[in-house]
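Reading through the structure tokens given below for one structure.
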Amino acid sequence: MSSVETQTRPVRLALLGAPNCGKTSLFNALTGGRAKVANYPGVTVEYRKGVFDLPDGRAIELLDLPGVYGDTGKSMDERVAIDAVSGRLENERAPDAILFVLDAAHIETHLHNVLQAKNYGLPIVLVLNMMDMAARDGLNIDIPALEQELGIPVVNCVAVRASGRAHLLDFLTEWSGDVAYGSAPKPSEERGEVREIQQRARSATRHAVSRIPQTETITHRIDKIVLHPVLGLLILLAILFVMFQAVYTWAGPAMDLIDSAIGGLQGAVEAIIPDGLLQSVIVDGAIAGVGAVLVFLPQIVILFAFILLLEASGYMARAAFLVDTLMAKVGLNGRAFIPLLSSFACAIPGIMAARTIEQEKDRLTTILIAPLMTCSARWPVYFMIIAAFIPQGRVGPFSQQGLVAFGLILVGILFAFIMAFIFKKTLSRGESGGLLIELPSYKTPVFRDYLMGIWDRAMIFVNRAGRIILPASIIIWVLTTFPRNAGSIGETYAGMLGNILLPILKPIGFNLEMSIALIPAMAAREVAVSSLATIYAVQGDGIEGQMSAVIASQWSMATGLAFLAWFVFAPQCLSTFAIIRKETHSWKWPLFAFGYLFVLAYAAAAVTYHTAVAFGLG
Ligand SMILES: Nc1nc2c(ncn2[C@@H]2O[C@H](COP(=O)(O)OP(=O)(O)OP(=O)(O)O)[C@@H](O)[C@H]2O)c(=O)[nH]1
Ligand SMILES: [Mg+2]
């Protein structure tokens with residue numbers, strides 16, 4: 001490489017380090033990125049590039065990488081990180097140097113990793129992150145002594161605070177210049193077995209780290225209660241429970257507001273545009289469809305406000321710990337918890353997060369059951385049906401509707417466990433890995449990250465309304481409006497399509513409108529709600545108000561509950577199957593997943609419908 005080339009292209013630095021040490025936090029803070037950050041290991045599973053300017057104006061290219069536990073790369077995500085620093089990533093040049101990030105509060109556990117990382121042969125600096133947490137835990141780190149012991153530069157850092165990054169930026173200004181000109185020292189190789197390296201690390205810690213003798217860290221004190229085998233489980237249940245109660249009790253006013261805004265908009269359009277097709281496509285197609293889903297935004301926001309708080313505080317890793325025994329009993333890998341948890345937002349990141357599972361067969365089981373977690377696209381369906389058929393009353397202090405929502409989640413989880421057990425016995429026999437999760441320290445959430453996380457989730461929900469629901473609503477409007485001379489819904493194009501499916505769905509209590517709605521809902525589950533809204537809006541003179549009121553008057557209780565049961569399993573979601581195809585490199589598994597979810601959904605709806613009819617709810 002010519003020296004001119006070396007000087008003109010930005011220096012590329014790779015963020016390497018154990019999971020959950022703050023690499024992505026640092027990456028986001030420096031590059032202005034918005035990648036997901038959470039207080040548990042295994043959040044990042046892909047590499048990501050960004051650029052930032054040093055105080056002197058020079059650009060630096062930064063690579064955020066998945067966390068690694070050593071240099072062997074046992075799981076897919078670890079291999080990405082190791083390939084990146086070894087220059088083996090396709091279409092990516094090797095980094096010029098490594099920023100090795102280390103959680104200072106857990107320095108004893110991870111120091112040997114930095115010694116191992118010297119062997120990549122790149123200039124390397126140790127970024128001692130989370131110095132605030134180390135100080136909280138009474139840790140004192142002698143940085144010059146550590147530099148001496150390790151033979152590389154060491155810089156302290158608090159990634160989540162501007163003042164905490166200032167020192168690192170100053171250091172990088174000088175050091176990256178040396179890297180660019182090839183004059184930054186390459187570390188001498190670290191020879192020896194892992195055991196020897198660990199011994200070296202221990203001796204370095206002895207010389208450079210001291211701990212104020214104190215009673216107990218905050219984390220320890222909290223964990224004594226939270227990880228208690230009985231009390232801990234009760235606390236976990238209570239937290240989940242409060243979450244669903246909150247979703248139901250706090251969202252009301254905001255939902256009413258959105259609802260009346262939508263009604264107002266429809267009224268305004270009706271006043272401006274004369275009766276006719278144009279008015280109908282806007283009012284009954286676009287606004288009715290999109291509005292029917294958008295009205296649930298407050299509930300989604302409250303749900304994620306809870307989930308993200310639990311993630312950022314460090315509690316989620318404890319939840320994994322608490323249910324680990326249960327998961328092991330059904331043959332699930334301990335590391336499956338985080339992918340399954342992520343699937344509550346959406347199965348796609350969840351299925352990708354399964355890359356952290358080393359055992360290929362366990363990864364497959366996790367991928368196959370991820371769609372059973374209640375993703376946020378199911379919420380509009382649940383909310384709509386629950387509002388229509390479950391009275392608002394209370395059972396003791398608890399909202400009845402919240403209880404039903406909670407129950408539906410539990411049914412999803414229960415079946416995920418049952419299916420995992422079956423898959424483990426049939427498809428994917430083999431040894432499972434236990435839970436080797438390192439429990440992170442409890443942290444006060446970074447306010448900005450927290451709000452941004454909620455905002456991002458809300459925007460994903462709203463964007464889907466624009467990208468998927470709006471076009472789907474217009475298509476449904478066209479199909480339910482034409483041919484113009486159709487006497488009933490059955491004679492429209494939509495009705496003709498729906499009638500193809502109806503013979504299959506009628507035995508489980510579904511009507512023609514539902515069977516029409518299920519077709520576009522393949523694009524995304526919540527499209528079932530928007531499609532029903534449009535279908536009833538086009539049909540209905542006299543059908544006014546929220547969707548739940550409409551279906552309460554049009555469907556029997558048995559039909560409503562059957563629809564709810566269908567959606568606990570609903571196979572609808574093309575993107576999920578696309579990602580399963582991508583992650584398993586085969587068509588077999590997405591087809592299999594579709595098949596088994598369809599059978600479960602059908603069976604659940606059938607059982608629910610006929611039981612309800614038997615109880616006189618038909
Ligand atoms: N108090 C404090 N918290 C931090 C600091 N750096 C990161 N965090 C928090 O630590 C947690 C983990 O941060 P991430 O940036 O997701 O860690 P990561 O290394 O990218 O983790 P993986 O992607 O799982 O490998 C988050 O809750 C951050 O808010 C810090 O310097 N001080
Ligand atoms: Mg990360």
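In each ligand, atom 1 is the first atom listed, and ligand 1 is the first ligand listed. These values consider heavy atoms only, across backbone and side chains, with no hydrogens, waters or symmetry-generated copies. What you see is a predicted model, and the numbers here were worked out from it, not measured in a lab.
Here atom 24 (O) of ligand 1 lies nearest to G42 when heavy atoms of A105, G164, C21, G42 are compared. Relative to atom 5 (C) of ligand 1, the option among M131, M130, R448 with the closest non-hydrogen atom is M130.
More than 12 heavy atoms of other shown residues, nucleotides or ligands fall within 6.0 angstrom of atom CD in E92. Around NZ of K74, the count of heavy atoms belonging to other residues, nucleotides or ligands within 6.0 Å does not exceed 12. Counted within 6.0 Å of CZ on R88, heavy atoms from surrounding residues, nucleotides or ligands total more than 12; the atom is thus considered enclosed. Within 6.0 Å of CZ on F421 lie no more than 12 heavy atoms contributed by other residues, nucleotides or ligands.
What sits closest to atom 17 (O) of ligand 1 on the protein, heavy atoms only, is G22 N, 3.1 Å. Nearest protein neighbour of atom 26 (C) of ligand 1, counting heavy atoms only, is V37 CG1, 3.6 Å. N129 ND2, 3.1 Å is the protein heavy atom nearest to atom 6 (N) of ligand 1. Of the protein's non-hydrogen atoms, the one nearest atom 7 (C) of ligand 1 is S25 OG, 3.4 Å. When hydrogens are left out, the protein atom nearest atom 20 (O) of ligand 1 is T24 OG1, 2.7 Å; that is the closest non-hydrogen contact. Scanning the protein for heavy atoms near atom 12 (C) of ligand 1, the closest one is N20 OD1, 3.0 Å. Closest to atom 9 (C) of ligand 1, if we only count protein heavy atoms, is K443 CD, 3.7 Å. Protein heavy atom in closest approach to atom 32 (N) of ligand 1: D132 OD1, 3.0 Å.
Of all the heavy atoms of A159, the ones lying under 4.0 Å from any atom of ligand 1 are found in both the backbone and the side chain. If you look at K23 next to ligand 1, the close heavy atoms, those under 4.0 Å, come from the backbone and the side chain alike. Only backbone heavy atoms of A38 (N, CA, C or O) come within less than 4.0 Å of ligand 1; its side chain stays farther off.
Taking any N or O of V446, backbone or side chain, none lies under 3.5 Å from an N or O belonging to ligand 1. Annotation: K36 places no N or O atom under 3.5 Å from an N or O atom of ligand 1; distance criterion only. By the 3.5 Å distance cut-off applied to N or O atoms, P19 is not counted among the residues near ligand 1.
At least one heavy atom of Y40 sits under 4.0 Å from some atom of ligand 1.
The residue from K49, R48, R9, R12 that alone fulfils the salt bridge (charged side-chain N to carboxylate O under 4.0 Å, His left out) condition with E61 is R12.
When side chains are defined from C-beta on, I225 does not count as touching H228, because their heavy atoms never get closer than 4.5 Å. At a threshold of 4.5 Å between non-hydrogen side-chain atoms, the residues L146 and I107 count as touching.
N20 lies apart from the Mg ion (ligand 2) in this respect, since none of its N, O or S atoms is found at a distance under 2.8 Å. Because the distance cut-off is set at 2.8 Å, T44 qualifies as a neighbour of the Mg ion (ligand 2) through one of its N, O or S atoms.
Residues E46 and R355 are paired through a salt bridge, judged by an N-O separation under 4.0 Å between the basic side chain and the carboxylate. Between E193 and R195 there is no salt bridge, since none of the side-chain N atoms of the basic residue sits less than 4.0 Å from a carboxylate O of the acidic one.
Between the side chains of Y442 and N39, not a single donor N or O lies within less than 3.5 Å of an accepting N or O. One side chain, D64 or T24, offers a donor N or O that lies under 3.5 Å from an acceptor on the other.
In summary, the atoms of ligand 1 found under 4.0 Å from a heavy atom of M133, numbered by their order in the structure, are 1 (N). Residue P41 approaches ligand 1 through these ligand atoms, each under 4.0 Å from one of its heavy atoms: 24 (O). Remark: ligand 1 atoms within the under-4.0 Å shell around heavy atoms of G67 are 25 (O).
Smallest separation of non-hydrogen atoms from D96 and L122: O-CD2, 4.0 Å.
You'll find the ring centres of W379 and F244 inside the 6.0 Å limit.
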